[in-house]
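Only one structure is covered here, and it is reproduced in the block below.
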Amino acid sequence: MTLKESLSARALAAPQSGIVELVNYARGRQGLIPLWAGEGDLPSPDFINRATKDALDAGETFYTWQRGLPELRQALSRYYQRHFGVERPFEHFFATSSGMHAINLCVQAVASPGDEIVYLTPSWPNIVAAVGISGANPVPVEVDYVNGGWSLDVTKIEKAITPRTRALFINTPSNPTGWTATQDDLQAILALARKHGLWIIADEIYALYYYHGARAPSFMDIQAPEDRILYANSFSKNWSMTGWRVGWIVAPPEIGQVLENLIQYSSSGLTPFMQRGAIAALEQGDEFVRSNIERARTSRDILCDALIATNRVQTRKPDGALYAFLKIDGIDDPRAAAFDIVDKTLVGLAPGTAFGPGGGAFLRACFLRDPKQITEAAGRLAEYIAKL
Ligand SMILES: Cc1ncc(COP(=O)(O)O)c(C=O)c1O
């Protein structure tokens, strides 16, 4: 038995990220415009960095509260009051070491090995992998691609539910499609969860990246106190903090001790000096978030208008999130095409094959960048497409 063969089946089954594969291939090339990862080009703002530097200077370098600093949890409570109009006392909030960590903990909290978690696809691959590594089985339900847009037939979710189903994982607005659940979709999904006694894991990390109003419809709008909903969220996208690896969970306080234990045995708490930066983001960052989202909207329009004008790209402007998910006439193998496109145009796209069932025909472009750079990228892509 080789060293590798002696590893656990679950570890061996975890797939290489189809996005990172491409990033590793072309990272750092001169003139590259990287639209492959889900992050923007702006560094974290000064007021956030300063709060963290001050905390380091003040010696905040010790073990800390497993659920997060009380001040951070209070700041999260106020954030939900401002943006979602809901009263959630600080006991509902748990600081985590990234959104990815939050997802892992939510999955571990509700599913045992052999259980099933239903999720919507095309999907950010890390969601599916997190379920698989936990020992649970991810069960896909495809969101339908209709006339360049995406729509969910909720009856498909009910058909996917079995006696082993423990949770519905709902990411809205969606990475990679931009599909955004309507209030009716959310009501129908919640009704299913209530009927079958299921948890909902709501990944609403892109809730504020919504292009038809202040924020996307949320389970927060319709949740009753007894509903079983866990929210996995992150500081990454709103405040340009992807490299920080800080996130949070919103959960019923009754399960607080269980979540605290899962935090204890996975990270033993979020770094205290980074929590100070996170508090600054929440307390002083609304204007930064607003301008970040406006910039995303401008760049979304530039990219989508230019590509739609080629008449060879089937896409509608996404309702939410940061991505254009593109079906390009003449491209049958998006993985090979992503390598070819980066070689010939120096624009980095993520192949749809990385996003599971329903995604294989597409390429994903993240548009959270300087509109000038997006104009340049759109021009290079349009030229490439014209030659297909
Ligand atoms: C849908 C979704 N959920 C969660 C995350 C996690 O974000 P992070 O681990 O950077 O906090 C991402 C990041 O791309 C995402 O797209």
Side-chain angles (χ1 to χ4, degrees), residues 17-20 22-23 34-44 48 68 72 76 93-107 117 119-131 133 138 140 143 150 167-181 200-210 216 218-219 230-250 263 266-267 270-271 274-275 277-278 281-282 289 292 296 318-325 348 350 352 354-356 359 364-369:
S17 162
I19 308 170
V20 174
L22 206 88
V23 176
L35 310 185
W36 41 36
E39 68 183 346
D41 54 344
L42 294 177
S44 310
I48 296 178
L72 175 60
L76 281 163
F93 298 95
F94 301 82
T96 62
S97 304
S98 76
M100 190 64 236
H101 186 218
I103 289 173
N104 274 305
L105 298 189
C106 290
V107 167
I117 295 187
Y119 71 99
L120 304 179
T121 183
S123 163
W124 186 47
N126 294 30
I127 293 167
V128 189
V131 174
I133 291 170
V143 179
W150 297 86
L168 309 177
F169 195 112
I170 307 295
N171 167 221
T172 171
S174 153
N175 173 8
T177 62
W179 168 80
T180 302
I200 290 172
I201 302 175
D203 178 340
E204 299 185 354
I205 175 174
Y206 298 107
L208 301 192
Y209 283 92
Y210 183 59
S218 163
F219 282 111
L230 297 172
Y231 299 82
N233 218 312
S234 167
F235 288 83
S236 286
K237 319 288 171 167
N238 280 2
W239 297 278
S240 283
M241 292 171 72
T242 48
W244 288 60
R245 321 308 304 129
V246 290
W248 74 86
I249 290 172
V250 193
I263 292 167
S266 55
S267 66
L270 172 58
T271 329
M274 301 218 296
Q275 296 198 46
L282 291 164
V289 177
N292 222 0
D319 296 328
L322 317 172
Y323 311 97
F325 206 45
F355 300 92
R364 190 193 72 172
C366 174
F367 48 72
L368 185 60
R369 297 190 86 76

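We count ligands from 1, going down the list as the structure has it; atoms in each ligand are counted the same way.
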Which atom pairs, nitrogen or oxygen on both sides, join ligand 1 and the protein at under 3.5 angstrom?
unit_1, atom_1, unit_2, atom_2, d
ligand 1, 3 (N), Asp203, OD1, 3.4
ligand 1, 3 (N), Asp203, OD2, 2.5
ligand 1, 9 (O), Gly99, N, 3.4
ligand 1, 9 (O), Met100, N, 3.0
ligand 1, 9 (O), Arg245, NH2, 2.7
ligand 1, 10 (O), Ser236, OG, 2.7
ligand 1, 10 (O), Arg245, NH1, 2.8
ligand 1, 11 (O), Gly99, N, 2.6
ligand 1, 11 (O), Ser234, OG, 2.6
ligand 1, 11 (O), Ser236, OG, 3.1
ligand 1, 14 (O), Lys237, NZ, 2.7
ligand 1, 16 (O), Asn175, ND2, 2.8
ligand 1, 16 (O), Tyr206, OH, 2.7

Kindly write out the residues that satisfy side-chain contact (heavy atoms from CB on, under 4.5 Å) with Ala216, not counting sequence neighbours, or none if the list is empty.
Pro173, Thr180, Tyr210

Please report the shortest heavy-atom distance between Arg364 and Phe325, naming the atom on each side.
CB-CD1, 3.7 Å

Quick one: are the ring centres of Tyr231 and Phe94 less than 6.0 Å apart?
no

May I ask you to decide if Trp248's main-chain N or O and Thr96's side chain share a donor-acceptor pair within less than 3.5 Å?
yes

Which of parallel (below 30°), tilted (30 to 60°) and perpendicular (above 60°) describes Tyr209 and Tyr206?
perpendicular

Is the backbone of Leu42 close enough, under 3.5 Å, to the side chain of Ser240 for a donor and an acceptor to pair up by distance?
yes

